[in-house]
Amino acid sequence: MTEILITLPDGSQRSFAAGSTAGDVAASIGSRLAKAAVAAVVNGDEADLTTPLLNGATVAIITGDSDEGRHVLRHSTSHVMAQAVLQLFPGAKYSIGPAITDGFYYDFELPASKTFSEDDLVLVEARMRQIMSANQPFIRSEMSIDDALALFADQPYKCEIIERVRALAGVVIDPDDEEVSVDAGEVDPDGTVSVYRNTDEFVDMCRGPHVPTTSRLGHFKLMKVAGAYWRGNEKGPMLQRIYGTAWDTKAALEEHLHRLEEAEKRDHRKLATELDLLSFPSELGGGLAVWHPKGAIVRKHMEDYSRDRHENGGYQFVFTPHLANANLFQTSGHLDFYKDGMYPPMEMDNGTYYMKPMNCPMHCLIFRSRQRSYRELPLRLFELGTVYRYERAGTLHGLMRIRGFTQDDSHIYCTEEQLQDEIASLLDFVLSVLRAFGFHDFTANLSTRDPKKSVGSDEIWDKATEALREGLHRHGLQYKVKHGDAAFYGPKIDIDVKDAIGRTWQLSTIQCDFNLPDRFNLEYVGADNNRHQPIMLHRALFGSVERFFGVLLEHYAGAFPTWLAPVQVRILPVATAHEEYAQAQVAALRAAGFRVDVIEANDQLGKRIRAAKLDKIPYVLVVGDDDVADNTFGVNPRGGEVERGVSVATFIERLAADVEQGSAGLTPVV
RNA sequence: GCCCAGGUAGCUCAGUCGGUAGAGCAACGCACUCGUAAUGCGUAGGUCAGGAGUUCGAUUCUCCUCUUGGGCUCCA
């Protein structure tokens, strides 16, 4: 047969000469498509453009501007990086180099335990560009496992991957098992190993597909070097990882780099310093913050709002101490399971004390302090409880990962029958509060039982998991199931929010607990006059106040909405003669409950306006002769146009409306 | 905890091939009194993260500790 028939995605069919490739198909459709093509989908499987097609194949072209296409570009770029590193560092061992979000990485072991320096990145990148200019082909071949072991005989990491695949041959691969699927991405699970060769010297094991030649690549940048454990195993060898980003066009690459710059500008640690909100004095020790007046006032309003909502939402407030006798954490099990996360013990003459890493044990004591009736349930205890956890040094990150923090912590005790409704109304409550802080895009994760480590009966796990799932369905909330990701004591829902620049943050959790009620022997007397064990729910909404503050800071890029802004209004008298008027207005606005300050006319007006803008103050009011005469303001709103001659009454009305709108969620929902 | 890179004035940074440091902004003072994003001049401000070592001499070189950043791992 000299002709083959190919079906295209739109259902149309075309005939090609035998031996034609997906690349030929793309070229026959159009030169623009041929240029954009990076790989193809042949009969449902991704394949190289250079693979000869068989008669009757269905072919779709993957272009570089699709997710799949970028994945191919990134993966191919990582191969080029491996080749460059092996040239520049003879004797280097290469392990794996997958495509990841926005880019790729590759892990190496350098000879004599050498490490990469920042300067090496420049060298590697230059060598990569040479390889790309050389227009090397990606040539695929397949071989047996034994041949592959021979080919990679001096590459121990490659051999380890091949051996693992051999061991797994015939085993159905669970896509949730990340460790195995990484290998599966490198090698076909059917017993053959595919490799891609660029030159006589450089060949890499890979399932593909790849771009036809290295000249198809080029819009990339190496970003950073890092250490990374082989197979993520803390006890295993530490490899040297290089991260890069790669895109289909120069514009896309530049846009990505620009996005990174923007994200850096709104880094909460930077903004916290610039706006004088809080700091991390090294004298305190790592992961501990002090809140300056401007940060504290924002935090106070966040907490006030949270308290109002909880008060209206049927919660009862409690307070508990920051430390407790070891007996408490023995009972709760924290000393058995969580000791590494706790600050070390304080030996006192009447026992051993620990800083509390969690509030739950103390809330359980409150539940247990007297006999409880089913009529009291659900019992919702709420506390802004400060806890201390000895997070490992390398994991600290500004406010996002901190050692002393305050949870907006709630523990809800209810009956099995109440669980369903309670979870549904909890979700209502959580989302409603998050919306008040400017978040509108939510997704959820449902973490289910890990049978290898869990307490509680099958029945209760099933029931609780269903209750969580049903709650999510009622909300139409998009969610993913994380199989086996639950803690040993119960299933949970995590809620992720998307921020102003599209990043997601995990904030709230709703977590069932079958363990603590048992350990603390919690009971209530039911309608049947018998004793029953309540179900316990942990629920944090902000997660931690500190972390939530950090997320808000990044979300708003420091420009807090008026109801939260540390200074809502700044009045600038044009000249000294207007200061009296300015002071009188400050007094009036403060009396009306607004946060207002004034900067006297010692500096030029333009300079004071600039300073106010850099402070991201919502309203800058300029007052001069006209305003004194007419009882008006010149209003310069954040992000808006200057308006002269606004009457004081009108401005106060607008300001009040702005504040009201920002905290609109204050109206009770229950 | 592990790998890499840092820590110099309140902030952002420069500098010292080993001879105890400098800029801009901020602060303070004086002059300017100004209508919407940087007025001018001046003053003050640093045990160069901390400790030990090498050296005639260490902010600079070495080691340790603390701490920060990027990752890994961890986050019952």
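Note: hydrogens, waters and symmetry copies are ignored here, and every other heavy atom, side chains too, is used. Order of the sequence lines sets the chain letters (A, B, ...), proteins ahead of strands, with each chain counted from 1. Keep in mind it's a predicted model, so treat the numbers as computed, not measured.
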Send over the distance from [X] [atom1] to [N] [atom2], rounded to a whole Å.
{"X": "A:His292", "N": "B:rA26", "atom1": "NE2", "atom2": "C1'", "answer": "15 Å"}
{"X": "A:Leu121", "N": "B:rA5", "atom1": "CG", "atom2": "C1'", "answer": "12 Å"}
{"X": "A:Arg610", "N": "B:rU36", "atom1": "CZ", "atom2": "P", "answer": "17 Å"}
{"X": "A:Met223", "N": "B:rA5", "atom1": "CE", "atom2": "C1'", "answer": "16 Å"}

Exercise. Has A:His397 got a side-chain N or O lying under 4.0 Å from the OP1 or OP2 atom of B:rG70?
Worked result: yes

At under 4.0 Å, does any side-chain N or O of A:Tyr243 touch on OP1 or OP2 of B:rC72?
yes

Ignoring hydrogens and geometry beyond distance, is the side chain of [X] in donor-acceptor contact with the base of [N] at under 3.5 Å?
{"X": "A:Tyr229", "N": "B:rG1", "answer": "yes"}
{"X": "A:Asp276", "N": "B:rG10", "answer": "no"}
{"X": "A:Arg269", "N": "B:rU68", "answer": "no"}
{"X": "A:Arg401", "N": "B:rC74", "answer": "yes"}

As its Watson-Crick or G-U partner within any shown strand, both distances under 3.5 Å, B:rA5 has B:rU68

Discussion item. Please confirm whether the ring centroid of A:Phe651 lies under 6.0 Å from the ring centroid of A:Tyr619.
Written reply: yes

Next item on the list: Assess the pair A:Phe560 and A:Phe549: is the distance between their ring centroids shorter than 6.0 Å?
Entry: yes

Checking B:rC4, B:rC34, B:rA37 against the side chain of A:Leu614 (C-beta onward), the nearest is B:rA37

task = Hey, can you tell me if A:Phe367 and A:Tyr413 have their rings parallel, tilted or perpendicular (30° and 60° cut-offs)?
result = tilted

